[in-house]
*Asks:* 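Sharing a structure below in structure tokens format, with a few things to ask.
Index from 1, following the sequence.
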Amino acid sequence: QVQLVESGGGLVQAGGSLKLSCAASGRSSSTYAMGWFRQASGKEREVLGTIIWSGGSTYVADSVNGRFTISRDSARNTVYLPMNSLKPEDTAVYYCAANLSRTHAGVHYYTFADEYDNWGQGTQVTVSK
């Protein structure tokens with residue numbers, strides 16, 4: 001198993017920025033892919049971005065493309081989610097997740113929550129008007 005700890009959430013005004021971090025420990029060297037998801041109250045969990053750990057290939061959801069990015073620091077076993085131009089509708093609990101095994105051949109970005117079996121506890125992001 002991998003332990004994931006998110007940080008960097010908080011309260012920000014609309015138009016502001018936050019940078020979320022997710023530090024992995026445990027079997028982090030076995031990580032194949034990591035992702036950022038969010039879940040707003042009463043809504044389903046949605047993918048924001050994913051990264052294939054070894055090569056660094058990334059996916060960013062259309063809903064946040066141009067405002068959010070995803071990156072990693074392999075030396076620190078940490079994945080980041082810089083978020084800019086935040087909107088009130090970005091208010092949610094943000095989660096990072098890790099997938100320890102390659103389950104698809106070819107190009108695949110692991111954009112579904114059920115493809116991950118390791119999750120952090122989540123960090124709240126609240127964007128005020």
*Asks:* Say whether, by atom type as modelled, one donor and one acceptor occur between the side chain of Thr123 and the main chain of Glu6 under 3.5 angstrom.
*Replies:*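 Flag not set: sc Thr123 to bb Glu6 has no pair under 3.5 Å.
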
*Asks:* Minimum heavy-atom separation for Gln124 and Ala92, please, with both atom names.
*Replies:*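 Nearest heavy atoms, Gln124 then Ala92: NE2-O, 3.3 Å.
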
*Asks:* Give me the one residue out of Tyr59, Phe112, Tyr109 that meets side chain to side chain contact (heavy atoms under 4.5 Å, CB included) with Val47.
*Replies:*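 Output: one option passes, namely Tyr59.
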
*Asks:* For the hydrophobic clusters of this structure (ILVMFWY residues joined by side-chain heavy atoms under 4.5 Å, transitively), does one cluster hold both Tyr110 and Val60?
*Replies:*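 Tyr110 and Val60: separate clusters.
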
*Asks:* Decide yes or no on side chain to side chain contact (heavy atoms under 4.5 Å, CB included) for Leu11 and Val125, but give the supporting numbers first.
*Replies:* CA-CA 6 Å; Leu11 174 64; Val125 171; over 6 Å; no

*Asks:* For Pro88 versus Ala14, what's the shortest heavy-atom pair and its separation?
*Replies:*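 Heavy-atom minimum between the residues: CD-CB, 4.1 Å.
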
*Asks:* Could you give me the CA-CA distance, side-chain angles and deciding distance for Ser17 and Met83, then say whether side chain to side chain contact (heavy atoms under 4.5 Å, CB included) is met?
*Replies:* CA-CA 5 Å; Ser17 299; Met83 306 183 294; over 6 Å; no

*Asks:* Would you compute the distance between atom OG1 of Thr69 and atom CG of Asn84 and round it to the nearest 0.5 angstrom?
*Replies:*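 CG of Asn84 is found 7.0 Å from OG1 of Thr69.
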
*Asks:* Applying side chain to side chain contact (heavy atoms under 4.5 Å, CB included) between Met34 and each of Val79, Thr50, Val2, report the one that passes.
*Replies:*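 Passing option: Val79.
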
*Asks:* If you measure from CZ on Arg67 to CG on Asn65, what distance do you get to the nearest 0.5 Å?
*Replies:*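 Between Arg67 CZ and Asn65 CG, I get 10.0 Å after rounding to 0.5 Å.
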
*Asks:* Could you check whether atom CD of Gln13 has more than 12 heavy atoms from other residues, nucleotides or ligands sitting under 6.0 Å from it?
*Replies:*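 No, the 6.0 Å shell around CD holds no more than 12 heavy atoms from other groups.
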
*Asks:* Checking the side chain of Gln3 only, and the main-chain atoms of Ala24 only, is there a donor and an acceptor separated by less than 3.5 Å?
*Replies:*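 Absent.
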
*Asks:* Taking only residues at least two apart or on different chains, which pairs with a member in residues 92-102 satisfy side-chain hydrogen bond (donor to acceptor under 3.5 Å, both in side chains)?
*Replies:*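 Qualifying pairs, neighbours excluded: Tyr32-Arg102, Arg38-Tyr94.
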
*Asks:* Can you measure from CG (Leu48) to CD1 (Ile70) and round to the nearest 0.5 angstrom?
*Replies:*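 Spacing of CG (Leu48) from CD1 (Ile70) equals 8.5 Å.
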
*Asks:* Rounded to the nearest 0.5 Å, what's the gap from NE2 on His108 to OG on Ser57? Could you check?
*Replies:*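 It is 13.0 Å, given to the nearest 0.5 Å.
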
*Asks:* So, Tyr80 versus Trp36, ring centres under 6.0 angstrom or not?
*Replies:*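 Aromatic pair excluded; centres sit 6.0 Å or further apart.
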
*Asks:* If you take all heavy atoms of Thr31 and Ala98, which pair is closest and at what distance?
*Replies:*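 Here Thr31 and Ala98 meet closest at CG2-CB, 4.4 Å.
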
*Asks:* Distance only, no hydrogens: is a donor on one side chain within 3.5 Å (strictly under) of an acceptor on the other, for Thr78 and Asp73?
*Replies:*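 Not at all, the side chains of Thr78 and Asp73 share no donor-acceptor pair under 3.5 Å.
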
*Asks:* What is the distance from atom CZ of Phe37 to atom OH of Tyr116, rounded to the nearest 0.5 Å?
*Replies:*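 These two atoms lie 5.0 Å from each other.
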
*Asks:* Enter the distance from Ser25:OG to Asn77:CG here, rounded to the nearest 0.5 Å.
*Replies:*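 Here the interatomic distance stands at 8.5 Å.
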
*Asks:* With a 3.5 Å distance limit and no angle check, can you tell me whether Arg72 reaches the backbone of Trp53 through a side-chain donor-acceptor pair?
*Replies:*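 Side chain of Arg72 to backbone of Trp53: a pair is present.
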
*Asks:* In the single-linkage hydrophobic clustering (I, L, V, M, F, W, Y; side-chain heavy atoms under 4.5 Å), do Phe68 and Val12 co-cluster?
*Replies:*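 Yes.
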
